[in-house]
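The structure under discussion appears below in the form of structure tokens.
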Protein chains: 2
Amino acid sequence: MRRYTPSRKLVRDVLSSATGPLSAVEVHEALGNTKIGIATVYRILNEGLRDGDLVCVELPSGPKRFEPADRPHHHHFECSECEKVYDVQGCPDGIAQLVPPGFELDFHEIILTGRCPDCVSTDGRAS
Amino acid sequence: MRRYTPSRKLVRDVLSSATGPLSAVEVHEALGNTKIGIATVYRILNEGLRDGDLVCVELPSGPKRFEPADRPHHHHFECSECEKVYDVQGCPDGIAQLVPPGFELDFHEIILTGRCPDCVSTDGRAS
DNA sequence: CCGCTAGTGATAAAAGGATATCATTAACAC
DNA sequence: GTGTTAATGATATCCTTTTATCACTAGCGG
């Protein structure tokens, strides 16, 4: 039987309050000084996937990221500088028209790449 | 000085005649019985990137894929069954409208996921 | 409070992709 | 044909992400 533990709640809270999907390592860092181990983070994330509470977002670069499953349809913006990923709302019409004859479309993902506001404001001045 | 070698020509030919971007391993397999080593394939692909003859296409799943740089703007369809990747022509309007204020868009990628004609025709009947 | 066992942290190790190494081969200028 | 050295094949190694292991901890029903 599944037990209530502080770790589970903390991980879910971190993901809920994030502005985009987070990787296991990012969740672990967000947990900061709570000394929850990385293995536990992976376990809780995979458990969330199995339970359907979380969805996995895989982007071209980097590790798998996770976000709550109850967010409405949206896409993602990845900052090429700080590598953070942000949710972006909306979805253009006409996706289905791209599918060539004979193909069966299940899902689609749109990945925007560029610089996020934080990195734009830092401009060229390296940190 | 760069020398003409059969390997280079073979790799470029494989990529040119492919219907989508190929990974190093896929190129290696396509070379079949030519006994060109995987290290050579990686070398030639990276060389192509540096020279600007090839572009790298990174999709959520799997390794980096490569295709000729001279193809017009297009996107990709990945078969969830056989994992092959196909080029798809066209691009919906309104991508730029997705970008939230403060973000700077450089590139975008649209990834369609589903089943390719080969796998659709095989239907549920496992191979 | 007890006992059972799910959960945990630390870390070893796996998995997958890409690069480095090195002795050997072969392209090309002469 | 010969010499120079870029290119190659085989494979060891690296790197990053993820999972497995295992002794210890703690949630919760009784």
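The chains referred to below are lettered A, B, ... by the order of the sequence lines, with proteins before strands, and numbering in each begins at 1. When reading the values below, keep in mind they use all heavy atoms of this one structure, side chains included, and skip hydrogens, waters and symmetry mates.
Here D:dG29 presents its P atom at 14 Å from OH of A:Tyr4, a figure rounded to the nearest Å. As rounded to whole Å, 15 Å separates atom P of D:dA26 from atom CZ of A:Arg8. Here D:dT17 presents its P atom at 13 Å from CG of A:Leu59, a figure rounded to the nearest Å. In this structure, the CD1 atom of B:Ile38 is 17 Å from the C1' atom of C:dT21, given to the nearest Å. If you measure from atom CZ of B:Arg65 to atom C1' of C:dG17, you get 13 Å, rounded to the nearest angstrom. If you take CG of B:Leu10 and C1' of D:dT8, they are 13 Å apart, rounded to a whole angstrom. Between A:Lys35 atom NZ and D:dT25 atom C1' there is a gap of 10 Å when expressed in whole angstrom units. Atom CD in A:Glu29 sits about 14 Å away from atom C1' in D:dT17, given to the nearest Å.
Remark on DNA chain C: of its neighbouring residues A:Ile36 and B:Arg2, the 5'-side contact belongs to A:Ile36, judged by nearest-heavy-atom nucleotide. Nearest-nucleotide positions on DNA chain D place B:Ala39 closer to the 5' end than the other of A:Phe66 and B:Ala39. Closest-nucleotide positions on DNA chain C for B:Pro63 and B:Pro6 were compared, and the one nearer the 5' end corresponds to B:Pro63.
Counting distance only, with no hydrogens placed and no angle test, the side-chain atoms of B:Arg43 and the base atoms of D:dG9 include a donor-acceptor pair under 3.5 Å. Contact annotation: side chain of A:Arg3 to base of C:dA6, donor-acceptor pair present below 3.5 Å.
The pair B:Glu81-B:Arg115 meets the salt-bridge criterion, with a side-chain N (NZ, NE, NH1 or NH2) lying under 4.0 Å from an Asp/Glu carboxylate O.
Contact check, B:Asn46 against C:dA18: no side-chain N or O comes under 4.0 Å of OP1 or OP2. An OP1 or OP2 oxygen of D:dT8 is reached within less than 4.0 angstrom by a side-chain nitrogen or oxygen of B:Thr5. Residue B:Ser7 has a polar side-chain atom (N or O) positioned under 4.0 Å from OP1 or OP2 of D:dT8.
Here D:dT18 is the nucleotide among D:dT18, C:dG9, C:dC4 with the atom lying nearest to any side-chain atom of A:Lys64. Among C:dG17, C:dT8, D:dT18, the nucleotide with an atom closest to any side-chain atom of A:Thr40 is C:dT8.
For B:Arg3, there are no side chain to side chain donor-acceptor pair (under 3.5 Å) partners at least two apart in sequence or on another chain.
Residues B:Thr19 and B:Lys84 fail the side-chain proximity criterion, which asks for heavy atoms closer than 4.5 Å.
Counting non-hydrogen atoms of other residues, nucleotides and ligands closer than 6.0 Å to OH of B:Tyr4 gives a total above 12.
B:His73 has its ring centre less than 6.0 Å from the ring centre of B:His108.
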